[in-house]
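Notes follow the structure.
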Amino acid sequence: MKKRYLAMALTGMMTAGLVAGCGSLGDTQADTAKDAKNEKTADTGKDSDGGGKTEVVLWHSMVSPEVEPFQEMIDNFNAQSEKATVVTEWVARDEQTKQLTIGNMAGELPDMVFVDNPEVINYGEMGVFQDIKKQFDGWDENQFLDSITNSCVYEGKMYGVPYIGNNLALFYDKDMLAAAGVEAPTTWDELVDAAEKTTKDGVYGLGFSAIKNAECTFQFMPFLWSAEGDWTDMGSDDSIKAMTYYSDFVKNGFANKEVLNWSQADVCKQFASGNCAMMVNGSWNVGTLRNDAPDKNWGVVPIPQDKVPASCLGGEALCITKNADADACFEFIEYLCGKDISAPYAKSVAKFSPRSDVDIDKEFADDPEMKVFAEQMENTKPRGPYPKWTEVDNVIIEACQSALTEAKTPEQACKDAAAAIADIEESLKK
């Protein structure tokens, strides 16, 4: 359907790393993903596949262990569909924003894109994605959790269909906590107590990611929401309380200052190696720990709460670009996001189907760690949705980093963030 446009240029531009809600991308995985992309895109550039089917170009950033079963589903769809042939192109997530912006200006876009959920509205309001609410409402199987679907809806328009979801919880080393005489924490006070008592002999009580990208915001938001603060009111007492609580782990020495440089994958490595007794991290690391630290005795509990339970939504949505054949594209969405495919695939990669008709108790009856994450989905909120979320995201990252480094007090960091977000809000009125 589309020309080869940007994809060839991307081959030399792909960089490692995925943002919040996804695992990190190593060099071997990047090479594997690029090889898969090159195999699948060698014959693109046609309006059809030669058999009367519409060719649909799909950008994704998946890596192992997701990309292999994903490609199998693509092959199965292509074999059974009489309307469309999906051709995948791998685009590093760090490059996606740039390439979508360039492609939108040049009129050269793929047909569909997997997009991190907080960015869906950004691109939708920029005119990159179609409003597909009509197609979604007409789909007999459109049974999805509101908490996830809302990440794709803004002012009555729907710019994507959630494909997969995840969230954050607290992993803890059972042996370390037992040696310190503490139970797995459930409240903020208990978390501080456990972190203090397990910080010794080169081990820090808590690990989290505060790196200068979206992973920082992703991991901070549960603390903000649990205190009943919000990004829309960063200057409130509740928001300042959350920032103070969060930054005090580093200030008091219960968390390593290196959290400022750690990705979520790095945090998982620190926990697996015994360098921190607890960590905030996502469900996708359940499999990582089982594979990389098979002898480690660990468990998972919901993120300890202040006023209310809270976690942050990670995951992606499948979006259709503005000039694509929406009917051909939506046939693939119905296949991929339908109950028969969505639930088993999500479980296989330690994430969750966004569908409301999936029986969580049945799906994770034999997996107590994953069940914690699954049950948290009802307390999970999306970042945004907001048409300038990327700008807000950067403001929150700056606030977190300035508080953690003590460049600003938590109160000043929050008040400055509130002022910056007010300016963003004002810019929408122009």
Side-chain angles (χ1 to χ4, degrees), residues 17-25 60-63 65-66 70 93-94 96-97 113-122 144-152 160-171 208-211 213-226 231 262-268 279-288 300 302-303 309-319 337 342 345-355 358 360 369-370 372-386 389-390 392-393 396-397 400:
L18 296 181
V19 296
C22 303
S24 289
L25 175 61
H60 74 91
S61 307
M62 294 183 190
V63 296
E66 291 184 49
F70 171 68
R93 190 171 312 261
D94 287 349
Q96 188 180 83
T97 297
V113 190
F114 278 111
V115 179
D116 197 31
N117 64 74
E119 298 177 357
V120 171
I121 303 305
N122 273 48
F144 287 73
L145 294 168
D146 288 340
S147 60
I148 299 182
T149 307
N150 288 344
S151 66
C152 299
V161 176
Y163 155 66
I164 207 162
N166 58 69
N167 58 41
L168 297 167
L170 184 77
F171 293 73
F208 54 89
S209 174
I211 196 169
N213 65 30
E215 293 185 3
C216 175
T217 306
F218 183 54
Q219 294 224 332
F220 171 67
M221 297 305 282
F223 295 103
L224 182 67
W225 287 325
S226 187
W231 65 270
W262 287 349
S263 68
Q264 293 174 122
D266 295 329
V267 174
C268 188
M279 70 168 176
V280 175
N281 226 318
S283 58
W284 60 93
N285 280 312
V286 169
T288 300
V300 179
I303 295 177
S311 190
C312 192
L313 176 66
E316 295 178 308
L318 190 51
C319 305
C337 300
S342 177
Y345 173 75
K347 185 178 181 180
S348 74
V349 295
K351 296 182 182 179
F352 305 101
S353 169
R355 299 188 59 86
V358 173
I360 289 176
E369 288 78 32
M370 286 298 294
V372 172
F373 289 97
E375 290 175 343
Q376 269 199 156
M377 290 304 288
E378 64 179 313
N379 297 319
T380 295
K381 296 172 64 175
R383 289 155 284 171
Y386 191 68
W389 176 258
T390 301
V392 171
D393 192 32
I396 296 173
I397 293 166
C400 290

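Counting begins at 1 with the first residue of the sequence.
For the pair E369 (side chain) and V300 (backbone), a donor-acceptor distance under 3.5 Å is absent. Using a distance-only test at 3.5 Å, with no hydrogens or angles considered, a donor-acceptor pair links the side chain of E215 to the main chain of Q264. Formation of a donor-acceptor pair under 3.5 Å by the Q376 side chain with backbone atoms of L168 is found in this model. N150 places no side-chain N or O within 3.5 Å of a backbone atom of P385 that could act as its donor or acceptor partner. A donor-acceptor pair under 3.5 Å is formed between the side chain of S209 and the backbone N or O of W262. Although no hydrogens or angles enter the test, the distance criterion places no donor-acceptor pair under 3.5 Å between the side chain of Y163 and the main chain of V115. A donor-acceptor pair under 3.5 Å is formed between the side chain of N117 and the backbone N or O of G315.
Taking all atoms of both residues into account, the shortest heavy-atom contact from A169 to I303 is CA-CG1, 3.7 Å. Residues M221 and W231 approach most closely at CE-CD1, 3.9 Å, considering heavy atoms. C319 and G160 make their closest contact through SG-CA, 3.9 Å (heavy atoms, listed as atom of the first residue, atom of the second, distance). Between Q219 and V280, the closest heavy-atom pair is NE2-O, 3.0 Å. When all heavy atoms of S226 and A310 are compared, the pair lying nearest together is N-CB, 3.8 Å. Between A214 and I397, the closest heavy-atom pair is N-CD1, 4.0 Å.
With respect to the salt-bridge test (charged N to carboxylate O, under 4.0 angstrom), the residues E316 and R93 qualify.
Between F171 and F373, the ring planes lie tilted relative to each other; the angle falls in the 30° to 60° range.
For the residue pair D146 / T149, no side-chain donor-acceptor distance below 3.5 Å is found, with atom types taken as modelled. For S283 and N166, the side-chain atoms include no donor-acceptor pair closer than 3.5 Å.
When side chains are defined from C-beta on, C337 does not count as touching P162, because their heavy atoms never get closer than 4.5 Å. Looking at T380 and L145, their side chains never come closer than 4.5 Å, going by heavy atoms from C-beta outward.
One distance of note links OG of S151 with CH2 of W389; it measures 12.0 Å at 0.5 Å rounding. Here I360 contributes atom CD1 and F352 contributes atom CZ; the two are 7.5 Å apart, rounded to the nearest 0.5 Å. Separation of atoms CE (M377) and OG (S353) is listed at 9.0 Å; rounding is to 0.5 Å.
Under the side chain to side chain contact (heavy atoms under 4.5 Å, CB included) test applied with R383, the options D393, I396, D116 reduce to a single match, D116.
Checked against the 6.0 Å centroid threshold, F223 and F208 do not count as a close aromatic pair.
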